[in-house]
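Each residue takes its place number in the sequence, starting with 1. Because the structure is predicted, anything quoted here is derived from the model rather than measured.
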Amino acid sequence: AVVSTQSTGTNNLSFRMKLLVTLALVGVVAALTLEEDKREIIMGIPGGIYDGDMDDPGTREAVKQALGEFKRRADKSGRLEAGNAVLVGDVINVKTQVVAGQKYIITINLGLTSDRGCTAKSEHGFVSAKVCQDTQNMGVHKVEVVNQPWMATKYLFTEFEDVEGPELASVWNSGN
């Protein structure tokens, strides 16, 4: 009976040790899983597309660069003749994506106007839709801008899409 009690005590100690090690491992795995979930919430999916922040200086600069590039291409294509202006409405939406740099996907109300009342109010070839009533020449367009601050050319303009309204993609493409 003594041998049986010792054996049972040893087995009981062995069982307790195994249980303790198992519980410790479960705790470590649970802690790592929670930490990884927390990191995913903060970092998101690598390469994922997220809502942009219009209060962010980088976002505002990307919109400014996109408008400047559109004006340059409209000039080069011949669609922005003397007395015409780029009609700029509201930025509807900005999405961001980390690529080889920071991509901004900008959805904006945009157009070209030759209305003399509007062009008289333009500054540097741009007129706000808030002061121009030529809204039939304005539509919704999407432009993609990639900011690569380490490169000599800091902004790449990768895509322009007509979403709704007057067609401007040909202006974008022919002015390239």
Side-chain angles (χ1 to χ4, degrees), residues 36 38-176:
E36 187 171 314
K38 184 178 174 183
R39 186 172 63 235
E40 281 186 29
I41 291 169
I42 294 169
M43 293 174 56
I45 300 170
I49 298 174
Y50 298 95
D51 289 331
D53 178 8
M54 279 307 296
D55 292 329
D56 177 61
T59 302
R60 288 195 309 268
E61 183 62 26
V63 170
K64 180 180 168 184
Q65 292 292 326
L67 289 171
E69 182 67 9
F70 179 77
K71 180 179 177 287
R72 186 190 71 73
R73 290 181 185 213
D75 278 335
K76 192 173 179 182
S77 72
R79 291 280 304 272
L80 192 62
E81 300 166 357
N84 292 358
V86 175
L87 181 58
V88 181
D90 292 331
V91 173
I92 298 167
N93 189 352
V94 176
K95 300 282 187 187
T96 62
Q97 180 181 22
V98 175
V99 291
Q102 182 72 40
K103 180 190 281 187
Y104 297 91
I105 305 162
I106 303 160
T107 306
I108 188 169
N109 286 313
L110 188 65
L112 294 173
T113 184
S114 58
D115 180 275
R116 298 297 164 224
C118 293
T119 58
K121 298 173 186 173
S122 70
E123 292 183 31
H124 307 290
F126 295 99
V127 63
S128 170
K130 292 177 180 160
V131 299
C132 176
Q133 302 305 311
D134 191 17
T135 55
Q136 76 270 8
N137 286 320
M138 189 163 55
V140 177
H141 306 278
K142 190 179 287 187
V143 62
E144 292 184 6
V145 179
V146 178
N147 178 16
Q148 296 178 318
W150 63 90
M151 301 293 285
T153 302
K154 295 188 182 344
Y155 290 91
L156 300 174
F157 304 94
T158 57
E159 190 172 324
F160 188 95
E161 176 187 345
D162 296 320
V163 177
E164 179 182 301
E167 189 273 332
L168 294 177
S170 64
V171 172
W172 181 268
N173 294 327
S174 65
N176 191 5

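Interatomic distance, CZ of Phe126 versus OG1 of Thr113, reported as 14.0 Å (0.5 Å rounding). Between the CD atom of Glu164 and the CD1 atom of Ile92 there is a distance of 8.0 Å, given to the nearest 0.5 Å. With rounding to the nearest 0.5 Å, the separation of CZ in Arg73 from CG in Leu80 is 14.5 Å. For the atom pair Ile105 CD1 and Glu161 CD, the distance stands at 10.5 Å (nearest 0.5 Å). Separating the OG atom in Ser114 from the CD atom in Glu81 is a distance of 8.5 Å, to the nearest 0.5 Å.
Here Lys154 pairs with Asn147 under the side-chain contact (heavy atoms from CB on, under 4.5 Å) rule; sequence neighbours left out.
Lys95 places a side-chain heavy atom less than 4.5 Å from the side chain of Asp51. Proximity of Lys64 to Glu61: side-chain heavy atoms (C-beta onward) are separated by under 4.5 Å at one or more points. In this structure, Phe70 and Val171 have side chains that are in contact, with non-hydrogen atoms separated by less than 4.5 Å. Under the 4.5 Å side-chain criterion, counting only non-hydrogen atoms from C-beta, Leu67 is in contact with Ile108. Residues Asn137 and Leu112 fail the side-chain proximity criterion, which asks for heavy atoms closer than 4.5 Å.
Within 6.0 Å of the NZ atom in Lys71, the count of heavy atoms belonging to other residues, nucleotides or ligands exceeds 12. Heavy atoms of other residues, nucleotides or ligands lying less than 6.0 angstrom from CD of Glu167 number more than 12.
Between the side chain of Arg60 and the backbone N or O of Asp55 there is at least one donor-acceptor pair closer than 3.5 Å. Between the side chain of Gln148 and the backbone N or O of Ala100, at least one donor-acceptor pair lies under 3.5 Å. Judged by distance alone, the side chain of Thr59 and the main-chain N or O of Asp53 form a donor-acceptor pair under 3.5 Å.
When all heavy atoms are compared, the tightest approach of Asp134 to Leu87 is O-CD2, 3.2 Å. Here the closest heavy-atom approach between residue Ala129 and residue Met138 is recorded as CB-CE, 3.5 Å. Closest of all the heavy-atom pairs between Leu110 and Val86 is CD1-CG1, 3.7 Å. A pairwise comparison of heavy atoms in Lys103 and Glu144 identifies NZ-OE1, 3.4 Å as the closest pair. Of all non-hydrogen atoms in Arg79 and Ser170, the two that sit nearest each other are NH1-OG, 4.0 Å. Ser77 approaches Ala74 most closely through the heavy-atom pair OG-O, 3.0 Å.
Using a 30° and 60° split on the angle between ring planes, Phe157 and Trp172 fall in the perpendicular class, above 60°.
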